[in-house]
Number of protein chains: 2
Amino acid sequence: MTTRWLSEKEQRAWRAYIAATHLLEDAIDRQLQQDAGMPHLYYSILANLSEAPEGRLRMTDLAERAKITRSRLTYAVTRLEKDGLIRREDCQWDKRSSFAMLTDEGMAVLERTAPGHVETVRSLLFDQLTPEQVEQLEEIFSGLAQTLERDEERPTPEDVPWRRRSSGPCS
Amino acid sequence: MTTRWLSEKEQRAWRAYIAATHLLEDAIDRQLQQDAGMPHLYYSILANLSEAPEGRLRMTDLAERAKITRSRLTYAVTRLEKDGLIRREDCQWDKRSSFAMLTDEGMAVLERTAPGHVETVRSLLFDQLTPEQVEQLEEIFSGLAQTLERDEERPTPEDVPWRRRSSGPCS
DNA sequence: GACGCTTGGTTAAAGTTTGAAACAAACCTA
DNA sequence: TAGGTTTGTTTCAAACTTTAACCAAGCGTC
C-alpha cells in the first residue's frame, strides 16, 4: 500500500495543532501548579467529582471521564487523598468498586482556584477566537472525540499493514 | 474582579477539546510505541532533525521546535543516543552549545516508521474532517500557536489578581 | 457450587517529566 | 581586563506515567 502523505495544508494544520496544544497545556499546567499546587489533570479530577452527584464517582467512571488509565488515576487519587482533597469510600453493593469523593476541603480548593483557571483558559483560548471559530472548534473536536472514543473501545481492531514511503515524516 | 465564566457553548467546546486532544495523543503514542518503540515526542525529535540542514540542530533550537524544555530534551536525546538514532556533536564556534544529529540508523528508523505514523494521523484526524474543517483547524491553531509563543517569551508578565466565583470549574 | 472468564482496582518497577540548581563558556562594560 | 551578567546545557531529586502483573469480587454456566 502506498502511503497517503499529508498535503501542504494538512502539514501546516498538523504542525500548528501540535504546537498550540502543547503550548496551551503547558501554560495551563504552569498556572494551576502556581495557584492550586497541582497539574491540570489533578484539577480536572476534582472538577469532575464536583459535578458528579454527591461529589463522588467510582474509580473506573472517573478514569473514563478524565480520559486516563485506571492506574494513573489510582496514583493521582492517592496523592489527592494525602492532600486531604479527596476521600476514598468503598461501594456497598459491589465490593470490588471504590468511590473517590470530594472532601469539603477539596471543594474549597476548587472554588478558590476555579476563577483563575477559567480566566487562563479564556484568555489563552477563547479570547483569541471569533464566535464562529468557537463554533468550529466545538464542531470539529466533539466529532473527533466521538470517533476516538469509539476506537478506544476495540483494542487494536485490525492489523497494521503499511510500509515504504516517499515523502516527509510529518512530525 | 468578577470572573468571566465560560458560556455553555464554550464549555462544550472546551470539554470536547480536552477529550479529543488526550485521546488523539494517546492513540498516536500507542501506535508509535508499537511500531517504532518510542513515544510521539521522541519521534517528533527525529522528525525535526530530519528536516534540519545536515540533519542536526543545537539543543536549544531543537527544544524550541519541539516545544519542550531543554532538560526534557536532554533526557530524550540521551535515550535516543543510547538507541543509536542520534549522535551528539559539539559546536565549534560556541563551546557551550552541542548539536544533536540524526544518525543513518535514526534516519532509517524514521523512514521505516513514517508511513505508519502518517497513516495514523490521517485516519484519526484528517479523514474525519471536511476540507473546510481542515482549513478552520489550521486557521485556529496557527493563530493560537502564535499568541501562545509570544506569551511564552515573557515569563509571567503581570500579576494575577483574581478571586471568588459563582459558577462551574470548567474542568 | 465450582470452574473459568470478566471486571474493578491496586501494585511494583521501569521510564519519563519537572523545576531548580549547578556549571561553564560567552558577552558585556566600566 | 576583571567582574558581573547572560546563555547553553546538564544534573539531580522529586513527582508523575506506563506497563505488566496481580488480587479479589462478580458473573455465567454446566
Side-chain angles (χ1 to χ4, degrees), chain A residues 22-23 25-45 56-83 86-101 153-156, chain B residues 22-23 25-34 36-45 56-83 86 88-101 152-153 155-156:
Chain A
H22 282 184
L23 290 170
E25 187 61 10
D26 284 358
I28 291 177
D29 267 335
R30 266 198 307 281
Q31 183 267 316
L32 280 173
Q33 193 66 58
Q34 273 275 314
D35 297 3
M38 65 184 82
H40 188 196
L41 174 64
Y42 290 57
Y43 178 90
S44 302
I45 289 174
R56 55 185 220 160
L57 285 171
R58 289 181 344 158
M59 293 296 278
T60 297
D61 298 335
L62 184 48
E64 168 101 21
R65 297 201 192 196
K67 264 72 192 163
I68 60 176
T69 61
R70 296 209 242 23
S71 101
R72 192 178 177 183
L73 179 61
T74 294
Y75 179 89
V77 166
T78 303
R79 177 201 143 166
L80 290 170
E81 195 172 26
K82 266 192 199 100
D83 294 349
I86 277 185
R87 176 174 51 246
R88 269 184 236 255
E89 282 183 350
D90 15 340
C91 177
Q92 291 310 312
W93 65 87
D94 184 342
K95 295 270 182 64
R96 290 169 305 179
S97 307
S98 67
F99 284 99
M101 172 167 184
E153 284 157 24
R154 17 190 167 75
T156 325
Chain B
H22 283 184
L23 290 169
E25 188 61 10
D26 285 357
I28 291 177
D29 267 337
R30 266 198 307 282
Q31 182 267 317
L32 280 173
Q33 193 66 59
Q34 272 275 315
M38 66 184 81
H40 188 195
L41 174 64
Y42 291 58
Y43 178 90
S44 302
I45 289 173
R56 56 185 220 160
L57 285 170
R58 288 183 343 158
M59 294 295 279
T60 297
D61 298 336
L62 184 49
E64 167 101 22
R65 298 201 191 194
K67 264 71 191 165
I68 59 176
T69 61
R70 297 201 268 318
S71 99
R72 191 178 178 183
L73 179 62
T74 294
Y75 181 89
V77 166
T78 303
R79 177 198 143 169
L80 290 170
E81 195 172 26
K82 266 192 198 99
D83 295 348
I86 277 185
R88 269 183 235 254
E89 284 183 350
D90 6 339
C91 177
Q92 291 310 314
W93 65 86
D94 183 344
K95 295 272 183 63
R96 292 169 303 180
S97 307
S98 67
F99 284 100
M101 173 168 181
E152 198 81 333
E153 284 157 25
T156 323

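We name chains A, B, ... by the order of the sequence lines, and we start the count at 1 in each one. Atom set for the values below is all heavy atoms of this structure, side chains included, hydrogens, waters and symmetry mates excluded.
The pair A:Asp83-A:Arg79 counts as a salt bridge, with a side-chain nitrogen and a carboxylate oxygen less than 4.0 angstrom apart. With salt bridges taken as basic N to acidic carboxylate O contacts below 4.0 Å, none links B:Asp26 and B:Arg30.
In this model, the phosphate group of D:dT17 is not approached by any side-chain N or O of A:Tyr75 to a distance below 4.0 Å at OP1 or OP2.
Within the 4.5 Å cutoff, the side chain of A:Ser44 has no heavy atoms near those of the A:Tyr42 side chain. Side chains of A:Arg87 and A:Glu89 form a contact here, defined as non-hydrogen atoms less than 4.5 Å apart. The closest side-chain heavy-atom distance from B:Lys67 to A:Leu23 is below 4.5 Å. Contact annotation: the side chain of A:Thr74 never approaches that of A:Thr69 to less than 4.5 Å [non-hydrogen atoms, C-beta and beyond]. Looking only at side-chain heavy atoms (C-beta outward), A:Met59 and A:Ser97 stay at 4.5 Å or farther from each other.
By the ring-ring contact (aromatic ring centres under 6.0 Å, His included) test, A:His22 pairs with no residue at all, sequence neighbours left out. Listed by chain and residue number, B:Arg88 satisfy the salt bridge (Lys or Arg N to Asp or Glu O under 4.0 Å) test with B:Glu81 (two or more places apart in sequence, or in another chain).
Among the protein residues, B:Arg88 comes within range of the sugar-phosphate backbone only, with heavy atoms under 4.0 Å from sugar or phosphate atoms but none that close to a base. Nucleic acid contact class of A:Leu41 (heavy atoms, under 4.0 Å, all strands): sugar-phosphate only.
Heavy-atom distances to DNA chain C give each of A:Phe99 and B:Lys95 a nearest nucleotide, and the one nearer the 5′ end belongs to A:Phe99. Both A:Trp93 and A:Arg72 lie close to DNA chain D; mapped to their nearest nucleotides by heavy-atom distance, the more 5′-ward contact belongs to A:Arg72.
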Protein-nucleotides 5-8 of chain D N/O pairs under 3.5 Å:
unit_1	atom_1	unit_2	atom_2	d
D:dT7	O4'	B:Arg96	NH1	3.4
D:dT7	O2	B:Arg96	NH1	2.9
D:dG8	O3'	B:Ser97	OG	3.2

Below 3.5 Å is the cut-off: list the nitrogen or oxygen pairs between protein and nucleotides 2-4 of chain D, distance only.
none

Under 3.5 Å, which protein N or O atoms sit close to an N or O of nucleotides 12-14 of chain D? Give each pair with its distance.
none

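The closest donor-acceptor contact from the side chain of B:Asp29 to the backbone of B:His40 lies under 3.5 Å.
If you take CD of A:Gln92 and P of D:dG26, they are 11 Å apart, rounded to a whole angstrom. Atom CG of B:Asp90 is separated from atom C1' of D:dT10 by 14 Å (rounded to the nearest Å). Summarising the geometry, the separation between NE2 on B:His40 and P on D:dT18 is reported as 15 Å, rounded to the nearest angstrom. As a whole-Å value, the separation of B:Leu73 CG from D:dT9 P is 9 Å. When rounded to the nearest whole Å, the span between CG of A:Leu32 and P of D:dC16 equals 13 Å.
Cation-pi geometry between A:Arg58 and A:Phe99 is not met: the NZ or CZ atom fails to fall both under 6.0 Å from the ring centre and inside 45° of the normal.
Distance check: B:Leu73 CG to B:Leu62 CG gives 4.5 Å after rounding to the nearest 0.5 Å.
Within a 6.0 Å sphere centred on CD of B:Glu64, heavy atoms belonging to other residues, nucleotides or ligands number 12 at most. Counted within 6.0 Å of CD on A:Glu25, heavy atoms from surrounding residues, nucleotides or ligands total more than 12; the atom is thus considered enclosed.
Using a 4.0 Å cutoff to heavy atoms of chain A, the contacted part of DNA chain C runs 5' to 3' from C:dT7 to C:dT11.
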